[in-house]
Enquirer: 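The structure follows.
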Amino acid sequence: MPARINPSILAADFVNLERDLDKIASADLVHVDVMDNHFVPNLTFGPQMVGRIQDVSKIPLDVHLMIDNPDEWALGYAELGAYSVTFHVEAAADPVRLARRLRAIGARAGLALKPGTAVDDYLDLLPEFDQFLVMTVEPGFGGQSFMAETMPKLARLRAAVDASGADIWLQVDGGINEETIVTAAENGADTFVAGSAVFRAENPADQISLLRESATRHLHGPATS
Ligand code: DX5
Ligand code: ZN
């Protein structure tokens, strides 16, 4: 299974969004960062905009909710057809109940952890989720530097997922580029969000292929050849 590359449209041109979505049609999913100016100090867009993105995107939506009270707001994104809805454990009142409700609507349920949030309390709950998102920057802005200190947490999750045998994706988000994607892959990620690295490239489609090949070579352990 090749690595998944999910470009983040936070780095796209918001007034030419359909054009920019077409540039990343060869990616696996389109990563859609919803920010509410409360959970993070930045504001992007809400369900109306995400619904239009869903209408025109040629690939499925990977919605990343950086919002307070996801228990109330996350379900709407599943209802409008998002393939995957990831919410932050720091913001959710009842993560397991919310994940079950998202799955009941038909979305994959994802749990995101900020760089300083430990994973240990959630390892028993792995089967309740389809994806874990290890933030490799503080959420809120694109273009930040990858935090390598989050890698032990990712490796712990990889070991737990492998032991469970469940089909759970491990996603990293923030500062992913040609170099850091190798580190993240070696530490257990299989799904990679990249904003600046894709949209600032001269040819986003070529960059997606390059990132995918590089990550796939290093999936789960250093490459042997
Ligand atoms: C940050 C967002 C990321 C962001 C990544 O809070 O969750 O998805 O777009 O951007 P880059 O790849 O530029 O770090
Ligand atoms: Zn994101």
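Just so we're clear, the structure is a prediction, and the values are computed from it rather than from any experiment. Whatever order the structure lists them in is the order used to number ligands and atoms, beginning at 1.
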Enquirer: Using a strict cut-off of less than 4.0 Å between a Lys/Arg side-chain nitrogen and an Asp/Glu carboxylate oxygen, indicate whether R19 and D22 qualify as a salt bridge.
Expert: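 Here R19 does not pair with D22 in a salt bridge, since their nearest N and O are not under 4.0 Å apart.
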Enquirer: What donor-acceptor contacts under 3.5 angstrom involve side-chain atoms of residues 113-122, with partners at least two apart or in another chain?
Expert:
unit_1	atom_1	unit_2	atom_2	d
T117	OG1	E90	OE2	2.6
D120	OD2	R156	NH2	2.5

Enquirer: Which residues and atoms, protein N, O or S only, are under 2.8 Å from the Zn ion (ligand 2)?
Expert: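 Hits for the Zn ion (ligand 2) below 2.8 Å: H31 NE2, D33 OD1, H64 ND1, D173 OD2.
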Enquirer: Check P70 against F87 and note the closest heavy-atom contact, atom names and distance.
Expert: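 Residues P70 and F87, closest heavy atoms: CB-CB, 3.7 Å.
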Enquirer: Can you name the ring pair (Phe, Tyr, Trp, His ring centres under 6.0 Å) partners of F45, sequence neighbours left out?
Expert: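 For F45, the residues satisfying ring pair (Phe, Tyr, Trp, His ring centres under 6.0 Å) (neighbours in sequence not counted) are F14.
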Enquirer: Pairs under 3.5 Å, N/O atoms on ligand 1 and on the protein: can you put them in a table with the distances?
Expert:
unit_1	atom_1	unit_2	atom_2	d
ligand 1	6 (O)	G140	N	2.7
ligand 1	7 (O)	D33	OD1	3.0
ligand 1	7 (O)	H64	ND1	3.2
ligand 1	7 (O)	D173	OD2	2.9
ligand 1	8 (O)	H31	NE2	3.4
ligand 1	8 (O)	D33	OD1	3.2
ligand 1	8 (O)	D33	OD2	2.8
ligand 1	8 (O)	D173	OD1	2.7
ligand 1	8 (O)	D173	OD2	3.0
ligand 1	9 (O)	S8	OG	2.7
ligand 1	9 (O)	D33	OD2	3.1
ligand 1	12 (O)	G195	N	2.7
ligand 1	13 (O)	G143	N	2.9
ligand 1	13 (O)	S196	N	3.1
ligand 1	13 (O)	S196	OG	2.4
ligand 1	14 (O)	G175	N	2.8

Enquirer: Can we say R103 and D130 salt-bridge, meaning some charged N sits less than 4.0 Å from an Asp/Glu carboxylate O?
Expert: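 Yes, this pair counts.
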Enquirer: Using a 3.5 Å distance criterion without hydrogens, assess whether the side chain of T136 forms a donor-acceptor pair with backbone atoms of V172.
Expert: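 Pair absent, no side-chain N/O of T136 close to backbone of V172.
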Enquirer: Under 4.5 Å between side-chain heavy atoms, hopping through other hydrophobics if needed: is there a path connecting V30 to V34?
Expert: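 Both belong to a single hydrophobic cluster.
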Enquirer: Would you say I176 and I208 are hydrophobically clustered, going by side-chain heavy atoms of ILVMFWY under 4.5 Å?
Expert: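 I176 and I208: one cluster.
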Enquirer: Would you call D28 and R212 a salt bridge, using N to O less than 4.0 angstrom?
Expert: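 Salt bridge between D28 and R212, a charged N being under 4.0 Å from a carboxylate O: yes.
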